[in-house]
Amino acid sequence: MGKDKFIYVTYIRATPEKVWEALLMPEFTKQYWFGVTLDSDWKKGSPWKMVFSDGRIGDGGEVLEIEKPRRLVLKWRNEFIPEIKAEGYSTCTMEIEPFGDATRLTVLHEIDKSESKLITAVSGGWPKVLAGLKSLLETGEAMPGLTSVPGCKSQEAVNQ
Amino acid sequence: MSMDDVFKALADPVRRQLLDSLHQRNGQTLGELCAGHDMSRQAVTKHLGILEEANLVATRKDGREKLHFLNPLPIFEIADRWIEKFEHGRLRALDDLKKNLEGKPDGKR
């Protein structure tokens, strides 16, 4: 069986603790991750899910490894596009290391399947998410256009 | 790694070819990357080093092999720097259109 995998690396001028917080805490993710909230108690073996601003579940799975603020490994499956969900679980590893005054964040996403649609989808999403995260931590502002999924209601619209 | 490193790394046709090769098939070994080139292993290694230094290539050990992956983030950041404001307009236009069609004008933005 083939494998499909990518590795993205970004350097962020912030501490590992801050990068960790910004990756997981809703008050941060809502600003740069298309408005999503990652919902979990962040313990090994616990479920996690990605909730869009309109309440739909995007992806989800299980926390395989967690070592704050260094390493997080998630079992990861798409939950809302049937043909991608059918591919089953992928593994996403996030590694956070100090690098001089900055922090090196590595995201490795892989699945035991060649030409995976899930990997194609997330490999297109991660650059935007990581660039948004970097921008938010370095400038205090996420890039515009990243606060909601196009076609998904923004949080204020949901609250109305 | 600065943006200068990224542009310098990209300013060489061999290095762009190496990125093309990884774009086509991610996660190659040095040997696989050399196969497409009429160059010594040392020369390819040097080019890969420059790409890695610029964060355009990320590497990972897999058993005894070192695998090379295309890291698109520096290029994404370049695009973002100059293109994002146009893209933003397009996204907002789509968003506005959707809200109008759904009959829920949102004046709060």
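In what follows, chains are A, B, ... by sequence order, proteins preceding strands, each numbered from 1.
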Among B:R16, B:R15, B:K8, side chain to side chain contact (heavy atoms under 4.5 Å, CB included) partner for B:D12: B:R15

Aromatic centroids of A:W42 and A:W20 separated by under 6.0 Å: no

Proximity breakdown for A:I7 and chain B, heavy-atom pairs closer than 4.5 Å: both

Test log, rule side chain to side chain donor-acceptor pair (under 3.5 Å), inputs B:T29 and B:E65: CA-CA 7 Å; B:T29 61; B:E65 306 266 43; 4.9 Å; no

Heavy-atom contact with chain A under 4.5 Å, split by part of B:I75: neither

Residues clustered with A:I57, ILVMFWY side-chain links under 4.5 angstrom: A:V51

Heavy-atom contact with chain B under 4.5 Å, split by part of A:S123: neither

